Amino acid sequence: MHDMTKIMTTVLTTVLLAITLSSCHPTPKGVLSEKKMTKLLIDLHKAEGLTEIQYKQYASDSMKLQVKQAVYNRHNIDQATFDSSLMWYGHHLDRYSEIYENVIKELEEEVEKAGSVAVVTTSIMGDSVNAWNGSMNYIINRRSPSSHIDFNIKKDHAWEKGDSYTLQFKSFNQATSGEAAVFIDYDNNTTDYITQKVEEDGWTNITVIMDTLRNPVNVYGFINFDLSHDDEVFIDSLSLVRRRFSPAIYRRRHNQSRFNFTRDAR
């Protein structure tokens, strides 16, 4: 009887150990654990947000790389380790999805704790301002309320004619193409807009520029993916940066389209 109890205890211990090891989700050598990957992504998002808001200070690519390298140094990793980890998690989307949900949750909690200081709006004066006041990260799939990410900014006292707005984001895990667009409505019933296809993983940048001769009313736009089956797209580092009039940027208005419309009289 004593031997049987000993055998059962050993078996139970082995089973519990197997369950414990299974629940730890071990990753291969050279791949960051889920906990480390989560903390790293949080700091990278903060760093990218900083370089966007303080655009003049971090205007060059070399300065942005220095900020990113500082984050890597803080976490005692290098670019190769991050790239390898990103690739591995890209093939284990259930775990990558869980990581991003935790990243989004922690960033949103920090924004909530910080209150209005962290939520930058266009009412703040400055040559370069991140006007995006939503989450910087999204997971879009068939379980999401919508395959759209929409935004709409009304005119306030900080607006100036000739301002430009750049919608920027990074997309991952695309199995289908998407589209992004930014529009500017004016008080003479005209609209300037620019659209862009999002056909592969990586950065997307769209800049729309206000006319210096017309009065803008609002800036709005969307990011949309035509998902099917089990498609899942990750949106990262989302921002909408307003910059003041610049002759070099203003010359790019020829890329924009325009249409006229009649608003409902109310």
Side-chain angles (χ1 to χ4, degrees), residues 17-55 57-111 113-114 118 130 132 135-141 149 166-176 178 198-205 223 225 230-239 241:
L17 179 60
I19 294 173
T20 301
L21 291 174
S22 173
S23 64
C24 288
H25 297 302
T27 53
K29 184 178 180 180
V31 174
L32 297 173
S33 67
E34 294 180 25
K35 184 177 181 180
K36 290 182 178 179
M37 192 68 172
T38 300
K39 291 182 177 179
L40 174 63
L41 288 172
I42 290 171
D43 284 348
L44 284 174
H45 293 324
K46 290 179 181 178
E48 289 178 353
L50 173 67
T51 58
E52 287 298 330
I53 293 173
Q54 300 183 15
Y55 174 77
Q57 185 177 349
Y58 301 100
S60 66
D61 291 339
S62 61
M63 288 297 296
K64 293 177 181 177
L65 286 174
Q66 287 182 30
V67 173
K68 185 177 288 187
Q69 187 59 50
V71 175
Y72 292 155
N73 292 342
R74 178 182 177 185
H75 290 266
N76 297 314
I77 69 162
D78 54 20
Q79 180 71 53
T81 302
F82 176 65
D83 291 342
S84 298
S85 300
L86 201 60
M87 183 176 296
W88 188 85
Y89 280 110
H91 289 88
H92 298 79
L93 294 179
D94 54 335
R95 296 171 67 172
Y96 196 36
S97 176
E98 184 177 343
I99 286 174
Y100 252 97
E101 286 177 358
N102 290 330
V103 169
I104 293 171
K105 180 181 177 181
E106 291 198 31
L107 287 172
E108 288 180 341
E109 286 178 355
E110 290 190 21
V111 169
K113 289 178 182 178
N130 185 1
W132 188 262
S135 174
M136 294 187 299
N137 315 283
Y138 289 85
I139 300 175
I140 303 175
N141 52 39
I149 300 174
T166 299
L167 177 67
Q168 176 175 280
F169 59 91
K170 190 187 298 182
S171 56
F172 296 96
N173 194 49
Q174 282 188 229
T176 183
V198 185
E199 296 181 328
E200 59 183 16
D201 290 356
W203 284 101
T204 296
N205 292 273
I223 304 169
F225 289 91
D230 296 325
D231 292 347
E232 192 165 48
V233 179
F234 301 96
I235 301 296
D236 180 13
S237 305
L238 183 55
S239 64
V241 177

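A quick note: this is a predicted structure, and the numbers were derived from the prediction, not measured.
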Minimum side-chain heavy-atom gap [X]-[Y] below 4.5 Å:
X     : Y     : result
Met37 : Leu86 : yes
Thr27 : Arg95 : yes
Lys36 : His75 : no

Any donor-acceptor pair under 3.5 Å linking the side chain of [X] with the backbone of [Y]?
X      : Y      : value
Ser85  : Leu32  : yes
Asp43  : Val71  : no
Tyr138 : Val233 : no
Asn205 : Gln168 : no

Which residues share a salt bridge (Lys or Arg N to Asp or Glu O under 4.0 Å) with Lys35, sequence neighbours left out =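 Testing Lys35 for salt bridge (Lys or Arg N to Asp or Glu O under 4.0 Å), a comparison that skips the adjacent residues, returns none.
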
Spacing of [atom1] belonging to [X] relative to [atom2] belonging to [Y], to within rounding of 0.5 Å:
X      : Y      : atom1 : atom2 : result
Leu44  : Leu41  : CG    : CG    : 6.0 Å
Gln79  : Gln69  : CD    : CD    : 8.0 Å
Asn173 : Ile235 : CG    : CD1   : 10.5 Å
Asp201 : Asp236 : CG    : CG    : 11.5 Å

All side-chain contact (heavy atoms from CB on, under 4.5 Å) counterparts of Thr204, not counting sequence neighbours =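 Counting only residues at least two positions away or on another chain, Thr204 forms a side-chain contact (heavy atoms from CB on, under 4.5 Å) with Phe169, Gln196, Val198, Ile206.
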
Which is it for Ile149 and Leu238 under the side chain to side chain contact (heavy atoms under 4.5 Å, CB included) test, yes or no, and what are the steps along the way?
-> CA-CA 10 Å; Ile149 300 174; Leu238 183 55; 4.2 Å; yes

Examine the side chains of Glu98 and Asn102 and answer whether a donor and an acceptor come within less than 3.5 Å of each other.
->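 Result is no, nothing qualifies.
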
Would you call the rings of Phe82 and Tyr72 parallel, tilted or perpendicular, where under 30° means parallel and over 60° means perpendicular?
->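 Correct class here is tilted.
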
Provide the closest heavy-atom pair for Phe225 versus Ile223 in the form atom of the first, atom of the second, distance.
->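 Reported closest heavy-atom pair: CE1-CG2, 3.8 Å.
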
Lys170 atom NZ: more than 12 heavy-atom contacts under 6.0 Å |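 Enclosed: over 12 neighbouring heavy atoms sit under 6.0 Å from NZ of Lys170.
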
